[in-house]
Amino acid sequence: MSKDKKSGGKTATDPSAKDTHYANLRRAHRDAKRERGDIPTPQPQKRRRGGEDWKPPALAPDQVHLYGLHTVRAALDNPERKKIKLFVTQNALARLEIDVETLGIPVETVSPQEIDKVLGPEAIHQGVMLETRPLPVRRLEALKDSPLLLVLDQVTDPHNVGAIMRSAVAFNAGAVITTQRHSPTESGVLAKSASGALELIPYIQITNLADALGELHKLGFSTIGLDSEGPAPLEGTFSGEKVALVLGSEGKGLRQKTRETVNALARLDMPGAIKSLNVSNAAAIALYAARLYLKA
């Protein structure tokens with residue numbers, strides 16, 4: 001067979017065909033990294049225009065719209081997630097690789113623009129949106145058998161909380177605990193930032209953080225608050241068989257009441273010129289250190 005055999009109107013040795021092949025591979029690799037959150041998504045203002053007049057539709061208290069391929073796949077696979085309806089483009093449906101006949105919920109084929117009308121011009125939805133109910137409420141007493149927990153003291157940015165959830169799942173933490181006020185509720189933005197982790201770890205919102213820390217103490221947890229001015233390095237502060245790491249808000253850090261309630265305050269020693277980290281980065285480092293301690 002000749003090496004010049006044509007395929008799709010171009011020869012196999014056509015440089016443009018080779019370029020197209022490698023461009024498709026690069027695009028698929030880049031999309032996969034974006035789904036995992038390893039690289040940032042494009043700035044919405046560069047991707048879409050004309051969204052200045054968009055207003056979000058009113059949602060019922062028990063209505064959540066999840067979006068993005070990885071997020072929706074994880075939600076569909078979660079037996080505890082009550083699914084209502086899937087809205088998807090033809091292209092996204094092929095990429096989801098699901099059997100519509102056995103899905104058990106209505107599936108509506110739509111255009112990307114129809115999803116834009118619901119989610120807004122800034123949502124990187126990748127052609128898929130899932131209407132669901134919120135996940136079941138979890139209680140602290142259900143976590144007594146988990147040796148590692150993460151507690152957030154009014155971390156408000158859903159992107160940070162989503163990134164923290166991914167790290168918590170990666171290091172097998174039992175839950176992410178946060179306050180009901182000044183913390184993001186379950187939402188499409190939070191779920192997209194978590195890139196599937198919201199379906200894999202309990203996200204527990206409590207009314208009073210000091211009371212919750214007291215309850216964790218009764219369950220046998222040693223609570224350690226991370227503070228850049230902490231009296232000792234984190235790795236020398238661990239004690240006991242159960243650890244709950246407590247991280248403060250992006251700007252103010254831990255509140256005074258939280259500082260007074262935790263068993264200990266500790267710092268992440270950083271020898272470089274920068275002495276503070278984004279809360280999601282600090283959480284990942286602290287979780288790694290805690291895992292090393294618990295495995296020892």
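This one's a predicted model, so the numbers in the text were calculated from it and none came from an experiment.
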Can you confirm whether L247 sits close enough to D153 that some side-chain heavy atom of one is under 4.5 Å from a side-chain heavy atom of the other?
no
May I ask you to test the E131-F87 pair for a side-chain heavy-atom distance under 4.5 Å?
yes
Looking at Q154 and S249, would you say the former's side chain and the latter's main chain have a donor-acceptor pair under 3.5 Å?
no
For L190 and P158 the tightest heavy-atom approach is CD1-O, 3.5 Å
What do you reckon, is NZ of K83 surrounded by more than 12 foreign heavy atoms closer than 6.0 Å?
yes
Take the angle between the ring planes of F238 and Y293 and call it parallel below 30°, perpendicular above 60°, tilted in between.
parallel
Main chain of N172, side chain of R291: is a donor-acceptor contact present, judged purely on distance under 3.5 Å?
yes
Would you check, one step at a time, whether the test side-chain contact (heavy atoms from CB on, under 4.5 Å) holds for T261 with D211?
CA-CA 9 Å; T261 308; D211 290 346; over 6 Å; no
Please report the closest heavy-atom contact between L294 and P147, naming both atoms and the distance.
CD1-O, 3.7 Å
Heavy-atom distance under 4.5 Å between the side chains of I105 and K85, does that happen here?
no
Report the residues that fulfil side chain to side chain donor-acceptor pair (under 3.5 Å) with N160, sequence neighbours left out, ordered by chain and then residue number.
E250, N278
Trace of the side-chain contact (heavy atoms from CB on, under 4.5 Å) decision for Q63 with T132
CA-CA 6 Å; Q63 189 178 29; T132 78; over 6 Å; no
Per side-chain contact (heavy atoms from CB on, under 4.5 Å), S167 is matched among L150, L287, V176 by L287
So M165 and L200, do their side chains get closer than 4.5 Å, heavy atoms only?
no
Side chains of L66 and M129: closer than 4.5 Å at any heavy-atom pair?
no
Among I98, V72, V107, whose side-chain contact (heavy atoms from CB on, under 4.5 Å) with V88 holds?
V107
Output yes when a side-chain donor or acceptor of H70 lies under 3.5 Å from a complementary backbone atom of S195, and no otherwise.
yes
Is there a side-chain contact between I115 and K117, using heavy atoms and a 4.5 Å cut-off?
no
Counting only N and O atoms by type, is there a donor-acceptor contact under 3.5 Å from the side chain of E114 to the main-chain atoms of T89?
no
What I'd like to find out is whether the side chain of L86 reaches to under 4.5 Å of the side chain of P106, using heavy atoms alone.
no
Using modelled atom types only, decide if a donor and an acceptor are shared between the side chain of R267 and the backbone of G230 within a distance under 3.5 Å.
yes
Run the salt bridge (Lys or Arg N to Asp or Glu O under 4.0 Å) check on R138 and E80 step by step: do they pass?
CA-CA 12 Å; R138 305 290 185 90; E80 295 191 358; 2.6 Å; yes
Distance-only, no hydrogens or angles: does the R81 side chain make a donor-acceptor pair with backbone N or O of R133 under 3.5 Å?
yes
Do H125 and D116 pass the side chain to side chain donor-acceptor pair (under 3.5 Å) test, and can you show the C-alpha distance, the side-chain angles, and the key distance before you say yes or no?
CA-CA 8 Å; H125 54 70; D116 289 346; 2.7 Å; yes
Side chain to side chain donor-acceptor pair (under 3.5 Å), that's the test. Do T223 and H217 meet it? Break it down for me.
CA-CA 7 Å; T223 58; H217 294 157; 2.7 Å; yes
Suppose clustering is done on Ile, Leu, Val, Met, Phe, Trp and Tyr with side-chain heavy atoms closer than 4.5 Å. Which residues sit in the same group as F221?
L140, L143, L149, V151, I177, I204, I206, L209, L213, L216, L219, V246, L254, V262, L265
Going by side-chain contact (heavy atoms from CB on, under 4.5 Å), P184 matches just one of V161, T178, V189. Which one?
V161
Do V279 and I201 share a hydrophobic cluster, counting only Ile, Leu, Val, Met, Phe, Trp and Tyr and linking them when any side-chain heavy atoms are less than 4.5 Å apart?
yes
Kindly give the heavy-atom pair with the smallest separation between T237 and A264, and that separation in Å.
CG2-CB, 3.6 Å
List the atom of G174, the atom of P202, and the distance in Å for their closest heavy-atom pair.
O-CD, 3.2 Å
For the residue pair I164 and A283, what are the closest heavy atoms and their distance?
CG1-CB, 4.0 Å
Is a salt bridge present between R73 and E199, judged by a nitrogen-to-oxygen distance below 4.0 Å?
no
Quick one: are L130 and V64 in side-chain contact, heavy atoms under 4.5 Å?
no
Using every non-hydrogen atom in the two residues, find where A197 and V169 come nearest and quote the distance to one decimal.
CB-CG2, 3.8 Å
